[in-house]
Structure formats: structure tokens, C-alpha cells
Amino acid sequence: MNGAPDIYDPTFVKGVFDRCSKRYIGFSYVFSAGFTERWRRQCVQALPPMPERASGYDLMAGTGEVWPHLLRHHEDIAEITAVDISTGMHQRAVARLHKHRAHKIAFIADNVFVSTLPDASADFVIATFGLKTFNPAQQAELAALTARILKPGGGFSFIEASDPRGWPLRPLFLFHLKTVLPLIERTLLRGAQDFAMIGRYCSDFEDASGFAAELSRNGLDVEFKRYFFGCATGVSGRKPL
Ligand SMILES: C[S@@+](CC[C@H](N)C(=O)[O-])C[C@H]1O[C@@H](n2cnc3c(N)ncnc32)[C@H](O)[C@@H]1O
């Protein structure tokens, strides 16, 4: 044992995001050149049609970046329950950014691996950029949770930054993640290497195909998608009736 931390331990992950929460939105927008916003919108567009006055979960909700897209595309959503292990991310979200939508947003500070969300309670489940901090065994747990909490007929959509294998510009993309981001953090942000950790999670994640297989194994109808040459990948579909 060399004493290196388990970067997939939920307590470790919570620490990373609690420390990042103050600057997360600006950082993710600027250093993805706006792609994160576009991918959140595409993730919402990939959700199957929903019933009127739908309610559901935004898992690993962070600072609620997907809510504006969700409420724009589905104006009559009755309630979004945001679930996140990092209270830092959520407090910032509601206080500073989403005051005017607060009546439609509930929050549960929860670790999805020990979640007590009720069975068959969601018309939809969405998660944007919440997969990368999960190792394959944890992705399997998340897939089982998704299948359990969706109502029959309920829809889901997930998206995550991914390794664009086979894309000629892949070396540049990896250079950006593994070298440029840590350098910026060291020089401009003088941070505790937390944004660099996010870069490491991204490059280690590969893509959402393993998660797609787990969702299928749990009985869901699943479609796997690649966005912008595979720089992000997503899964969407339904729980059969
Ligand atoms: C990269 S942020 C994504 C935030 C937001 N959804 C977005 O679109 O940017 C990942 C979020 O997942 C949360 N998270 C990580 N592990 C978790 C777990 N086991 N249970 C609940 N939330 C978790 C983190 O606290 C963090 O806020």
C-alpha cells in the first residue's frame, strides 16, 4: 500500500467538489470552450417524451447547470429533485443562481451508492457530467439505482466528457485535459489541484459504453450516442412499460 488516496471514494470525491464549488461553473464553461453547455442541452434533448407535470431526479446535480435546459424544453415539469453528495455545490446553486426556479427544485444531499430514493418514483432521471468520478463497479450500482427509481415508461439521459479514441485531434484534447488544465490551476487559480483532478477523472473515464451495458443489464432500453467526435458520450432511453 503506497498511501495514495482512492480517488473514487465518495468522501474523496465530495472533498474535490466542495472545494471547487465556488468556481466550478465559470471554469467548466471557459475551459470546455462552451461545449459543456451545448452537451447539457443535447442531453436534455435526448430524453424521451415525458408526461405532463413530470417529476424526476437530476443525479450528481452539482450547481444545477442542467435545470435551465430542462425547464426550457419541458416547461410544465412539476418538480426536479436534485441529488448531490456535495452540499457546497448545491448551496451555491440555489442561493446564487436559481432563486427564481427554487419552487420547482427540491434537494437531497445524498450519496447515490446508499440512496433511499423510492422505487418507481421518477418520470425522468438525468445526469450531466456525473459519471466520470465513478469506477466501473460504481457505474453498475448507478445503473441499478436508475432502473429501480424510474417508473415504468420513465425516461433517462446521461452525458459525460469522454476520450475521443480514433479522432485525429485526440492528442490535443488529452494535452488540454492533462497538461493545460493543471497548469492553469497552478498558475492562475492557485488552487489545490482540484480542477486538475476533474481532468484526470475525464481522461480515465474512457466513455459511457460500459454504463450503457449496465443499464441494459438492468432491463432498460438504451441508446448510446457520441457527441462531437466522441469528446462526450451519452446514454438515453426508457424503462419498458
Ligand atoms: C462534475 S459535477 C457535475 C455537475 C453538474 N451536473 C454539471 O452539469 O456540471 C459532478 C457532481 O457529482 C457529485 N457526486 C459525485 N459522486 C457522487 C455520489 N456518490 N453521490 C451523489 N453525488 C455525487 C459531485 O459532488 C459533483 O457535484
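Order of appearance sets the numbers: ligands from 1, and atoms from 1 within every ligand.
- Checking only distances, Ile85 does come within under 3.5 Å of ligand 1, N or O to N or O.
- Inspection of the Lys225 and Ser236 side chains reveals an N or O donor paired with an N or O acceptor under 3.5 Å.
- Set against the non-hydrogen atoms of Asn111, the atoms of ligand 1 under 4.0 Å away are 18 (C), 19 (N), 20 (N).
- No donor-acceptor pair closer than 3.5 Å links the side chain of Glu223 to the backbone N or O of Gly237.
- Of the polar atoms of Asp58, none of the N or O atoms is found under 3.5 Å from an N or O of ligand 1, judged by distance alone.
- Against a heavy-atom cut-off of under 4.0 Å, Ser86 is close to the following atoms of ligand 1: 25 (O).
- For ligand 1, the atoms lying closer than 4.0 Å to a non-hydrogen atom of Phe113 are 19 (N).
- In this structure, Gln138 falls outside the shell of residues with a heavy atom less than 4.0 angstrom from ligand 1.
- Follow the hydrophobic side-chain contacts under 4.5 Å out from Tyr227 and you never reach Leu215; the two are in separate clusters.
- For the residue pair Lys132 and Glu160, the shortest heavy atom distance occurs at N-OE2, 2.8 Å.
- Heavy-atom contacts of Lys132 reach the following atoms of ligand 1: 1 (C) (cutoff under 4.0 Å).
- At a 4.0 Å heavy-atom cut-off, ligand 1 touches Thr133 through the side chain alone.
- Residues Ile80 and Phe158 do not share a hydrophobic cluster, defined by chaining ILVMFWY side chains whose heavy atoms lie under 4.5 Å apart.
- With sequence neighbours excluded, the residues that form a side-chain contact (heavy atoms from CB on, under 4.5 Å) with Gln139 are Phe134, Phe205, Phe211.
- When heavy-atom distances to ligand 1 are checked against a 4.0 Å cut-off, Asp110 comes that close only through its backbone atoms N, CA, C and O.
- Interatomic distance, Arg238 CZ to Leu220 CG, rounded to the nearest 0.5 Å: 11.5 Å.
- The shell of residues lying under 4.0 angstrom from ligand 1, judged by heavy atoms, excludes Val66.
- Proximity to Gly62 (heavy-atom distance under 4.0 Å) selects the following atoms of ligand 1: 4 (C), 27 (O).
- Ring-plane geometry between Phe229 and Trp167 is classed as parallel, the angle between the planes falling under 30 degrees on a 0 to 90 degree scale with a further cut at 60.
- Counting heavy atoms under 4.0 Å from ligand 1, residue Ala61 touches it through the backbone alone.
- Counting side-chain heavy-atom gaps under 4.5 Å among Ile, Leu, Val, Met, Phe, Trp and Tyr, Leu241 is found in no cluster with other residues.
- Taking CG of Asp110 as the start and CD1 of Ile85 as the end, the distance is 8.0 Å to the nearest 0.5 Å.
- Residue Gly130 places no N or O, backbone or side chain, under 3.5 Å from any N or O of ligand 1.
- When each atom of ligand 1 is checked for a heavy atom of Val13 under 4.0 Å away, the hits are 15 (C), 16 (N).
- If you look at Lys14 next to ligand 1, there are no close heavy atoms at all, none under 4.0 Å.
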